[in-house]
Structure formats: structure tokens, C-alpha cells
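Accompanying notes for the structure given below.
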Protein chains: 2
Amino acid sequence: MKPKITLKDIARELEVSISTVSKALKNSEEISRDTKEKIQAFAKLYNYRPNNIAISLKNKRTKNIGVVIPDIVHHFFTTVIRGIEKYANARGYNVIVCSSDESFDREVINMEMLANGSIDGFIMSLSSETQLKNDYNHLKEVTEQGIPVVLFDRITHEVECDKVIIDDQLGAYMAAKKMIDQGRKKIGLITTADYLSVSKERTDGYRKALVEHGLEIDESRILKLSSMDMDEELIENFFESADMDAVLCVNEIFAVFGMRLMQKKGLRIPEDMSFIGFTDGFLSQYANPSLTVIAQHGQKMGEISAQMLIEKVESEAEVETYQTKILEPTLVVRDSTIN
Amino acid sequence: MKPKITLKDIARELEVSISTVSKALKNSEEISRDTKEKIQAFAKLYNYRPNNIAISLKNKRTKNIGVVIPDIVHHFFTTVIRGIEKYANARGYNVIVCSSDESFDREVINMEMLANGSIDGFIMSLSSETQLKNDYNHLKEVTEQGIPVVLFDRITHEVECDKVIIDDQLGAYMAAKKMIDQGRKKIGLITTADYLSVSKERTDGYRKALVEHGLEIDESRILKLSSMDMDEELIENFFESADMDAVLCVNEIFAVFGMRLMQKKGLRIPEDMSFIGFTDGFLSQYANPSLTVIAQHGQKMGEISAQMLIEKVESEAEVETYQTKILEPTLVVRDSTIN
DNA sequence: AAATGTAACGAAAACGGTTTCGTGTTGATA
DNA sequence: TATCAACACGAAACCGTTTTCGTTACATTT
């Protein structure tokens with residue numbers, strides 16, 4: 001085992017001072033050619049690498065980004081992470097990922113763990129419990145300490161910081177309009193509770209599309225699931241009781257599950273009932289029939305979030321200004337709707 | 001903006017020394033009741049939190065784990081991360097996630113970034129390019145520096161370290177046997193190149209099952225895709241030309257895609273052809289018909305990896321001993337095989 | 001010869017903690 | 001009354017860097 005070599009080691013071996021070594025390795029003009037070459041050669045030979053922790057302590061900058069998301073095992077969030085990683089790594093930043101598991105407490109704990117010097121800034125999406133409790137003190141504390149925060153997808157207006165979202169209302173509107181344009185009149189909606197910022201927006205978009213096109217809104221065609229997990233029975237009952245010829249779902253799982261239910265009943269998709277979901281993941285691509293979806297562009301969202309955060313981290317600006325970027329969703333037409 | 005408060009700040013305000021503050025906050029016996037109470041109250045009031053970086057520098061321990069995986073947007077790997085996170089967080093460790101994106105260079109770069117003090121140890125799964133090049137010097141360098149490494153799933157025997165895998169050969173064997181037991185005689189295999197450790201093992205298990213049950217191996221029923229991405233045309237041709245009544249696939253995407261192809265041709269699943277895949281993800285659960293799979297227990301694998309790593313990190317043992325844990329795969333029977 | 005300039009390097013502080021080893025004060029003991 | 005613990009606290013080293021500010025020694029200028 002060969003232990004890591006430090007500046008002090010080099011200084012001792014070469015009988016110079018630590019400062020000389022430090023400067024020589026930075027190619028400082030202060031140091032003579034000879035000395036620099038000698039030191040650089042020695043450092044290379046022994047594979048010297050500066051200790052990141054020491055540098056962090058000195059610079060008060062860690063080059064780490066803290067990412068706190070509700071769920072790692074979720075296609076949308078992983079694509080966002082990929083985007084964050086891509087941008088951040090290219091700029092020499094590492095990404096520390098913490099999952100809140102949809103729990104308020106875990107969100108708070110994770111933030112506290114990271115906020116004491118481990119990271120330069122946060123990128124996060126709120127847990128459902130946080131949005132339900134409507135308590136954002138942990139976020140406010142962090143921003144008050146001057147740690148930059150970027151909120152994406154599941155955001156709140158209670159906290160002043162940069163935000164990145166897609167236009168969820170528009171996305172739902174586009175989806176509903178697509179179905180209306182194809183002659184569907186009885187369009188249903190499967191969503192989750194309104195306290196989730198995205199669900200509310202999507203529901204609004206759905207309603208808006210129907211109203212604008214002269215369709216009345218039948219509340220029996222709207223199913224609100226209380227949580228993110230599948231309650232299969234509720235969905236089954238919904239499909240039994242509601243009279244629909246098209247369904248918009250706020251995620252791909254609800255949609256794919258619904259399609260299977262309908263197929264078991266002998267209905268044809270999209271002829272007898274069409275489906276549109278949110279999130280353009282594997283499930284949508286490989287479902288049978290493949291699922292038409294509103295793509296949320298997770299990777300793009302991640303890249304933009306990282307960009308906004310790093311800009312804030314590296315900016316020296318005294319006066320803070322915050323912006324909210326709204327990405328356009330895209331309708332990806334597949335076989336669960338008529339082309 | 002209220003900046004972070006340090007020991008020095010407290011010491012100055014309370015007119016005591018830094019060491020006294022430090023000890024008081026640790027409830028040291030050395031400090032009198034009065035002083036401790038005064039200091040603790042002050043620290044609480046101003047919400048003092050020790051700076052992680054300073055502690056890391058002093059202790060030479062970061063409480064960070066570096067995780068390097070080939071792909072974040074992949075169900076199996078995300079479940080592993082979830083397992084790592086769960087175990088690590090409970091022990092006060094953070095998880096730094098880096099994706100190699102199946103690239104050797106990115107794997108090396110990421111490891112180098114983290115190896116200079118940022119982490120206490122690595123948990124990783126090799127990129128396909130690394131397994132193809134068969135070059136593990138970056139791993140050896142790290143272990144030689146005394147940084148513990150745990151390899152999972154995609155491993156190599158070239159590096160001495162702890163390892164966690166599932167018995168891939170047994171998994172494939174179980175799957176093939178399941179099909180044989182149901183009377184299938186013409187069992188195909190869709191896999192990826194042999195340089196991927198897991199693919200090789202699975203192919204071996206498939207062959208073993210066939211041979212042991214008196215079925216001859218027809219090489220035309222084995223499709224080897226060169227990479228992890230879907231080459232749809234190759235798969236279509238394969239299904240056109242090979243005469244099969246069952247197919248084993250090394251991942252769920254190949255299987256689900258294959259099922260859809262067969263359904264389009266009017267074949268019934270599982271009656272006319274049965275399918276088994278690897279990885280128990282959303283795709284398998286929500287496919288139509290749902291897919292029988294060999295579950296790899298990613299979360300468990302993550303937890304065990306984290307446990308093994310943290311044990312090594314925290315152990316003072318002089319002499320290193322390494323172990324390889326082999327998890328048992330599970331056959332999850334669904335509707336793509338006859339029950 | 002004295003004053004000045006410059007090249008090349010080192011000492012030391014700083015980042016924010018932990019920890020070891022004093023040291024001054026008190027009260028009890030011989 | 002001199003001695004000695006025990007108590008309560010502070011000084012300083014240390015972790016590995018960076019960076020400012022000397023300080024030499026020598027060459028150049030007047």
C-alpha cells in the first residue's frame with residue numbers, strides 16, 4: 001500500500017519549503033525554472049494529487065452539488081439526475097444524491113446533513129409530504145445562509161429561489177386537445193392529489209381544454225389517487241363505473257395499467273379508448289400498444305437546473321435575482337391514440 | 001443573510017477559548033457545568049453546526065461513499081443505489097453518484113475525481129467498455145492507496161476487493177428449466193456480448209439447463225447483441241428466422257420488445273411462445289402480458305455492498321481479507337409463462 | 001560605495017475543527 | 001504552612017492546502 005503523498009512530503013524530500021512546492025506545481029513565475037522542473041518531475045513520479053478536502057476548506061467551495069429528490073427509482077427523476085450529472089461533471093462538480101423517499105423528515109435530515117459545508121448548492125424536487133404539509137422552513141434556512149437552491153418540477157412559490165418546471169398545464173391541455181381533435185367526447189383523467197404542484201397544474205390544463213372546446217366536465221370521469229403508489233382496485237372501479245372514450249393519466253404507470261385493464265375487457269386501443277400519459281419512459285415506449293405521452297424532458301431540465309445553480313454558486317453578484325424557467329412539454333404520438 | 005457561525009465566533013462572543021467551546025459542545029467532563037450550559041445555549045441559539053469539511057480534514061474521513069455505475073437511467077442500478085443510500089444514510093454516510101455512461105474514460109475520470117479525498121470508499125459496477133478493454137489499473141491504483149472498493153454485478157476477478165453478485169448462471173438455469181418443465185423444446189436466448197461478466201454467466205446457465213435436460217443447443221436460437229442498446233432490426237430478423245417456442249432474455253427490454261413483435265404476428269403469449277427476462281422492473285410488471293422474470297434483488301445488493309464497504313472503511317484491521325457474496329436470484333412467475 | 005531593484009524562496013496565517021498537553025487556581029492533606 | 005491533587009480552562013499543534021508578506025542574496029544604478 002502506497003499512501004497519498006502531500007506537499008509536505010515533497011518539500012521534505014526536496015529540501016524546499018511547502019510554499020515553494022505549492023507554487024512550483026502551479027507553475028508560478030516566482031519560482032525558478034530549475035526548481036519548478038525538479039518539483040514537477042518529483043510530483044509526477046510519485047503521482048501527487050492535491051487533497052480535495054483541504055482545498056475545499058481553504059476555498060470554502062466544495063465543487064459538490066446536493067440533489068434531493070423524492071424517489072431515485074423513477075424514470076423522470078433519473079433522467080433529471082443524468083442531466084445534472086452531465087452538466088455538473090463537465091464543470092468539475094460532483095453530484096451527491098439523496099432521496100427523501102417522499103418523506104418530509106428525510107428531506108429535512110438530508111438537507112441538514114449536506115448544508116454544513118458538504119455542498120455548494122442544492123437542486124431539489126419537493127417530497128409529496130412536504131407539499132402536503134406546506135412547510136418550507138428547511139429551504140428558507142438554507143437560502144438564508146446564502147446557499148443557492150434550484151427547485152425543479154415539484155416546486156413551491158413560498159421559497160425565493162431559481163426554479164425549473166415544464167408547463168404542466170399546457171402539457172395536459174395539449175394532451176386533452178389531441179383527444180378532442182380526434183373526436184373524443186368523454187375524456188377521463190387519472191391524477192393524484194392537488195397538493196402536488198404538478199397534479200394541480202395538469203388538472204387545470206385538462207379542465208381548460210375541455211371547457212374551451214365546449215365539453216362539459218363530468219367529475220365522475222376524474223379519479224384522484226391520494227398517493228403516488230398504485231391503488232389497483234380504485235383504478236379498476238373507476239374504469240368500471242366511468243363512461244369514457246379516452247383517458248389522460250398524470251404518469252405512465254397509471255396509463256399502462258389502465259390499458260391492460262381495458263384490453264382484458266376486450267376493448268381495443270386506441271379504437272375504443274385512447275390513452276395519453278405523462279413521462280416519456282421505457283414503459284411508454286415498450287407498452288403494447290406503445291403509449292402516447294407528454295414528454296417532460298427530464299434530462300434538459302437537469303442540465304438547466306445545474307446550469308442555473310452553478311451560475312449562482314460561481315457568481316459574485318451582491319444582489320440576488322431569481323428566475324423561473326418554464327420548459328415546453330412535447331406531445332409524443334404513439335399507438336395509444338389514433339394518428 | 002446570516003452566515004454560518006464557527007467555534008471561533010462563539011469563543012469570541014463568550015470570551016473563552018476555542019478549545020473550551022469545542023469541548024463544551026461535546027459535553028466534555030473537563031468543562032464546568034456553568035460554562036457548558038452557557039456555551040451550549042449560545043450554540044443552540046445561533047444554530048451552530050460543525051463544518052463537515054473541517055472535520056473531514058482532521059479525521060481523514062469524509063463519510064462519503066462514491067458510487068460509479070454504468071447508467072443511472074436503468075431500473076436495476078437505481079434500485080441498487082436505493083439500497084446503498086438506505087444503508088449508508090442510516091450510518092451517517094452520503095452517496096456521491098457518478099455515471100460512467102458505459103465509457104472507460106469516464107469511469108477513470110470519475111474515480112480520479114473522487115479518489116483524492118472526496119470519499120472513503122467506492123461501490124461500483126464496471127462499464128461495458130472497461131470489461132471489453134479488460135483494463136483495471138484505475139481500480140488497482142485506488143485499492144493500492146488503501147481505499148476500499150466493493151464491486152457489484154459487473155465485476156472482475158482481476159481486482160482484489162469485496163464483491164457482490166447474484167448467481168447469474170443459476171438464474172438463467174432456473175429460467176430455462178422453468179420453460180423446459182413446461183414442455184418447451186425450442187428455447188432461444190437473447191443476450192449481449194460475452195465480455196460482460198453477467199451475460200457470459202447467463203449464457204452458461206442457459207446452456208447448462210438445456211444440456212442437462214437432453215435438449216441440444218441450436219446456435220441459431222442464440223442472439224448476441226453487441227451492445228446494451230436495442231438493435232430492433234436484429235431482433236426482428238432473429239424472431240423471423242429462428243424456430244422457437246420460448247425465449248430467455250438477459251434484460252426486460254429485449255423481452256418486452258420481443259413479446260410485442262410476436263403479438264403483432266398474431267402469436268399468443270404464453271401459449272404459442274413464452275418469455276422470461278432478467279430484472280424485475282416496472283416494464284415487467286406492467287407489460288401485457290406481465291413478464292416472468294429472474295429478479296436480481298438490486299436493493300438488497302446495494303444494502304449488502306454498502307454494509308461491506310462501511311465495514312472495511314471503519315475497520316482498523318491490518319490484514320485485509322476479501323469476500324465475494326453471491327445472492328440467490330428469484331424466479332418471479334407472471335403471465336408470459338404458463339403457470 | 002551607497003542606494004536601489006529584483007529574482008527566488010521561506011515563514012506564517014488562514015480555513016474550522018479536534019486533541020494533547022500544559023498551567024493557574026482552589027481546597028484538602030500532612 | 002508547605003505540598004499535592006483535582007478542577008477548569010487555554011495554548012498550540014495538526015489535518016493539507018493557498019497566499020500574503022517578508023527576507024535573503026545578488027546585480028544594477030548613481
Side-chain angles (χ1 to χ4, degrees), chain A residues 3-40 42-43 46-64 92 113-120 145-147, chain B residues 3-40 42-43 46-64 92 115-120 145-147:
Chain A
K4 290 247 86 173
I5 189 177
T6 70
L7 289 186
K8 195 195 281 189
D9 299 328
I10 303 182
R12 188 176 359 90
E13 290 305 313
L14 263 39
E15 298 184 301
V16 292
S17 76
I18 294 180
S19 10
T20 303
V21 178
S22 175
K23 288 169 191 164
L25 293 177
K26 296 200 127 47
N27 236 324
S28 159
E29 293 299 325
E30 252 182 278
I31 309 296
S32 71
R33 269 192 83 74
D34 279 5
T35 317
K36 277 199 283 195
E37 277 172 6
K38 191 176 60 177
I39 292 178
Q40 286 169 4
F42 189 93
Y46 285 92
N47 196 31
Y48 168 80
R49 307 278 166 202
N51 181 311
N52 291 332
I53 298 292
I55 294 180
S56 293
L57 182 59
K58 184 96 245 275
N59 299 348
K60 302 184 146 224
R61 299 269 295 299
T62 62
K63 289 240 164 192
N64 286 157
M113 265 184 91
L114 297 177
N116 300 309
S118 298
I119 49 94
D120 295 338
Q145 281 174 27
I147 302 178
Chain B
K4 290 247 86 173
I5 188 176
T6 70
L7 287 186
K8 196 196 280 188
D9 299 329
I10 302 182
R12 187 176 1 89
E13 292 305 313
L14 264 38
E15 299 184 302
V16 291
S17 76
I18 295 180
S19 10
T20 304
V21 179
S22 175
K23 289 170 191 163
L25 293 177
K26 295 198 127 46
N27 236 323
S28 159
E29 293 300 325
E30 251 182 280
I31 309 297
S32 71
R33 269 190 82 74
D34 279 4
T35 318
K36 276 199 283 195
E37 278 172 6
K38 190 176 60 177
I39 293 178
Q40 286 169 3
F42 188 93
Y46 286 92
N47 196 31
Y48 168 79
R49 307 275 167 205
N51 181 311
N52 291 333
I53 299 292
I55 293 178
S56 293
L57 183 59
K58 183 92 245 259
N59 299 348
K60 303 185 148 223
R61 299 269 296 297
T62 62
K63 289 240 162 189
N64 286 158
N116 300 309
S118 299
I119 50 93
D120 295 337
Q145 281 175 27
I147 302 179

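We name chains A, B, ... by the order of the sequence lines, and we start the count at 1 in each one.
For B/Glu15 and B/Lys60, each mapped to the nucleotide of DNA chain D holding its nearest heavy atom, the one lying further toward the 5' end belongs to B/Glu15. Nearest-nucleotide positions on DNA chain D for B/Ala54 and B/Glu29 put B/Glu29 closer to the 5' end.
OP1 or OP2 of D/dC9 lies within a sub-4.0 Å distance of a side-chain N or O belonging to B/Thr35. OP1 or OP2 of D/dT19 has not a single side-chain nitrogen or oxygen of A/Lys58 nearer than 4.0 Å. Between C/dG16 and B/Lys4, no contact under 4.0 Å exists linking OP1 or OP2 to a side-chain N or O. Checking the phosphate oxygens (OP1, OP2) of C/dG16, no side-chain nitrogen or oxygen of B/Tyr48 falls inside 4.0 Å. For C/dC9, neither phosphate oxygen OP1 nor OP2 lies less than 4.0 angstrom from any side-chain nitrogen or oxygen of A/Ser19.
Going from atom CG of A/Leu7 over to atom C1' of D/dC15 covers 13 Å, rounded to whole Å. Distance CD1 (A/Ile18) to C1' (D/dA13): 13 Å, rounded to an integer number of Å. If you measure from atom CG of A/Asp9 to atom C1' of D/dT17, you get 13 Å, rounded to the nearest angstrom. If you take CG of A/Asn51 and P of D/dT18, they are 10 Å apart, rounded to a whole angstrom. Taking atom CG of B/Asn52 as the reference point, atom C1' of D/dC15 lies 16 Å away to the nearest angstrom. Across the protein-nucleic acid pair, A/Leu57 atom CG and C/dA14 atom C1' stand 9 Å apart, rounded to whole Å. Remark: P of C/dA7 and CD1 of A/Ile31 are 13 Å apart, rounded to the nearest angstrom. Put simply, CD1 on A/Ile10 is 12 Å from P on D/dG16, counting in whole angstrom units.
For the pair B/Ser56 (side chain) and B/Asn52 (backbone), a donor-acceptor distance under 3.5 Å is present. A side-chain donor-acceptor contact under 3.5 Å links A/Asn51 to the backbone of A/Ile53.
Between B/Ile5 and B/Tyr48, the shortest heavy-atom contact is O-CD1, 3.3 Å. The nearest pair of heavy atoms linking B/Lys63 to B/Asp120 is N-OD2, 2.8 Å. Residues A/Ala24 and A/Ile39 come closest through the heavy atom pair CB-CD1, 3.5 Å.
Counting any heavy atom pair closer than 4.0 Å across all strands shown, B/Ser22 reaches a base atom. Within 4.0 Å of B/Lys23, counting heavy atoms only, lies at least one base atom of the nucleic acid. Among the heavy atoms of the strands, none lies under 4.0 Å from A/Arg33.
When the options A/Val16, A/Ile18, A/Ile31 are evaluated for a side chain to side chain contact (heavy atoms under 4.5 Å, CB included) with A/Lys23, the one that passes is A/Ile31.
The side-chain contact (heavy atoms from CB on, under 4.5 Å) test applied to A/Lys4 returns A/Arg49, B/Asn116, B/Gln145, not counting sequence neighbours.
Inter-axis angle, ends of the helix from C/dA1-D/dT30 to C/dA30-D/dT1, five pairs per end, rounded to 10 degrees: 80°.
Note that OG1 of B/Thr20 is 10.5 Å distant from CG of B/Leu7, once rounded to the nearest 0.5 Å.
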